[in-house]
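These numbers were taken from a predicted model, which means no experiment stands behind them. Here is how names work: the chains are called A, B, and so on, in the same order as the sequence lines, proteins then strands, and each is numbered from 1.
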2 protein chains.
Amino acid sequence: MKILIVEDDLALSDVISFTLRRAGFDIITAHDGLAALTMWEQHLPDLVVLDLNLPKLDGLAVCKRIRAQADTPIIMLSVRSSDEAIVQGLELGADDYMVKPFSPSQLVARIRAVLRRVGATLTPSSELMVGTLQLDRSRNEAQCLGQAAIRLTPLEVRLLEALMLNAGQVLSTDGLIDTVWGVEGGDRTMLKQLVYRLRTKIEPDPTQPIYIETIPGVGYAFINAKSAKG
Amino acid sequence: MKILIVEDDLALSDVISFTLRRAGFDIITAHDGLAALTMWEQHLPDLVVLDLNLPKLDGLAVCKRIRAQADTPIIMLSVRSSDEAIVQGLELGADDYMVKPFSPSQLVARIRAVLRRVGATLTPSSELMVGTLQLDRSRNEAQCLGQAAIRLTPLEVRLLEALMLNAGQVLSTDGLIDTVWGVEGGDRTMLKQLVYRLRTKIEPDPTQPIYIETIPGVGYAFINAKSAKG
DNA sequence: GTTCCGTGTTACCATGTTGTTACCGCGCCA
DNA sequence: TGGCGCGGTAACAACATGGTAACACGGAAC
């Protein structure tokens, strides 16, 4: 179980590392926001302990970037104990928020609680099936009920995954851009390109999509689900 | 999204209920440990907010019993702020632990964080229904009782939303202009344009509106409601 | 090096959306 | 009776958006 600790106070970082190692976790560390993102991408840890007050890139920004790409559990640390700060942190996607100073043992307990919940929930399978369409994330392939598998590019997988994970819901253009390219990444032109390319691959008739619906002025939605609205 | 609140302090229980209801949750309550278990079995809520200091059956015991049967998320409340207490609570299977006193808004944020992790879709329903007309804000569509959905433009959605949210009331021309275009945005000509276009889309007979009524010299009102709001 | 693939860029067209102007009819009031 | 303000209707221009296509670039594979 690998944990990334992002904390610029070296002494505190050491204390946390020590405690968590003793609790049986694999620990990697970063001391500023940019390094954190690099480490995260390279190691893909199972959980991130994230200080908010960081040099180079703010902790909230780091959280946003990680959330744009993955669902890695995040526990925030901060001296800010105000309600607004905590609510903001949680709404940005954190799983827990601890106010400094805190006791290492409580951190361990909270990490375990979050990981327990993730373990109970997360499907380790790299496959995702909605309606008649199946996406295999590890092989970069989509398959349509008995038909031959279709090879997808990494970006196409990201897009299709985002849409399928939120099947039936409308995802905004900007949100999708963030999800696929990360904040500061793409633009509308590239998104429509990507949607077009994906459609030509997976739609039987791209002019009349049965999977990816356009909601003009808003975004796109994955359909073909029995959506079970009610 | 149904939440069971277990809290013996009736005043606090009411405050929490009120806040969570306002946040859009379905609330059921219990005021002692045994009642909590009964309620839990009968209603199988999506999450439990559990005070630890309870009559009849201790909160920790309640937690244990629930955990023995199911994986329902649990957020513990307690005046005990010691590390041992928190660690014990989390190790017993709680997903989060909040020390009293706490702010309602933080509780809402933490509930959302846990539910998000569990994978619950808590889309606060982007739909708005008044009388026989239904507006889907996320899809920019209006639907009239069984008939096909009608695609609306963003501005039309803004206008219709304003009218429907205040169904039965008269909204002034200037107020509507502000709502739709923002201060410094539109003029009367554009509003009447927009009303006209909206009417041609949603009214069966635009010359005799059944939804959008004109109040000359004042503004517009959404009708077709059994108004009688309770 | 050459080829191929994934990606980014530019361009074009059709359509949809919004802003503008104009005209009509009606009730009001001098 | 004749302006005047108001609201409904219409036509049109300006602009934004989405789909399509062709091409350029860079890195990986051969």
Q.
What's Glu156(A) touching, base or sugar-phosphate or nothing? Going by heavy atoms closer than 4.0 Å.
A. nothing

Q) Which whole-number value in Å describes the distance from Ile177(B) CD1 to dG7(D) P? A) 10 Å

Q) Base, sugar-phosphate, or nothing: which does Thr189(B) touch, judged by heavy atoms less than 4.0 Å apart? A) base

(Q) Using 0.5 Å steps for rounding, measure from the SG atom of Cys63(A) to the CD1 atom of Ile74(A). (A) 4.0 Å

Q) NA contact type, Pro206(B), heavy-atom cut-off 4.0 Å: base, sugar-phosphate, or nothing? A) nothing

Q. Within the structure, does a side-chain N or O atom of Thr214(A) lie under 4.0 Å from either OP1 or OP2 of dG19(D)?
A. yes

Q: Nearest whole angstrom, please: distance from the P of dT17(C) to the CG of Leu194(B).
A: 12 Å

Q: Using a cut-off of strictly less than 4.0 Å, decide whether Thr153(B) has a side-chain nitrogen or oxygen near OP1 or OP2 of dT18(C).
A: yes

Q. Under 4.0 angstrom, heavy atoms only, what part of the nucleic acid is Gly186(A) near: base, sugar-phosphate, or nothing?
A. nothing

**Q.** Spacing of Met190(B) atom CE relative to dC6(D) atom P, expressed in whole Å
**A.** 18 Å

Q: Rounded off to whole Å, could you give me the CZ-to-P distance for the Arg151(B) and dT17(C) pair?
A: 9 Å

Q | Side-chain (Glu203(A)) to main-chain (Gln208(A)) donor-acceptor, under 3.5 angstrom | A | no

Q: Look at the side chain of Arg197(B) and the base of dG16(C), then say whether one donor and one acceptor between them are separated by less than 3.5 Å.
A: no

Q) Whole-Å distance between dG7(D) C1' and Leu176(B) CG? A) 15 Å

Q. With respect to Asp96(A), which candidate in Arg117(B), Arg116(B), Arg110(B) satisfies the salt bridge (charged side-chain N to carboxylate O under 4.0 Å, His left out) definition?
A. Arg110(B)

Q. Expressed in angstrom and rounded to an integer, what is the separation of Leu191(B) atom CG from dT18(C) atom P?
A. 13 Å

Q | Phosphate-side-chain proximity, Trp181(B) and dT18(C), N/O vs OP1/OP2 below 4.0 Å | A | no

Q. Counting any heavy atom closer than 4.0 Å, what does Leu155(B) reach on the DNA or RNA strands: base, sugar-phosphate only, or nothing?
A. sugar-phosphate

Q | Ion pair Asp95(B)/Arg67(B), N-O distance below 4.0 Å | A | yes

Q) Is the phosphate of dG8(D), meaning OP1 or OP2, less than 4.0 Å from a side-chain N or O of Tyr220(B)? A) yes

Q.
Just the rounded figure in Å: distance from P of dG7(D) to CG of Asp174(B).
A. 11 Å

Q. Below 4.0 angstrom from OP1 or OP2 of dA21(D), is there any side-chain N or O of Tyr196(A)?
A. yes

Q) Is it true that Lys64(A) and Asp178(A) have a side-chain N and a carboxylate O under 4.0 angstrom from each other? A) no

(Q) Measure NZ/Lys192(A) against C1'/dT15(C) and give the value in whole Å, please. (A) 13 Å

**Q.** Nearest-nucleotide comparison on DNA chain C, the residue closer to the 5′ end among Lys201(A) and Asp187(A)
**A.** Lys201(A)

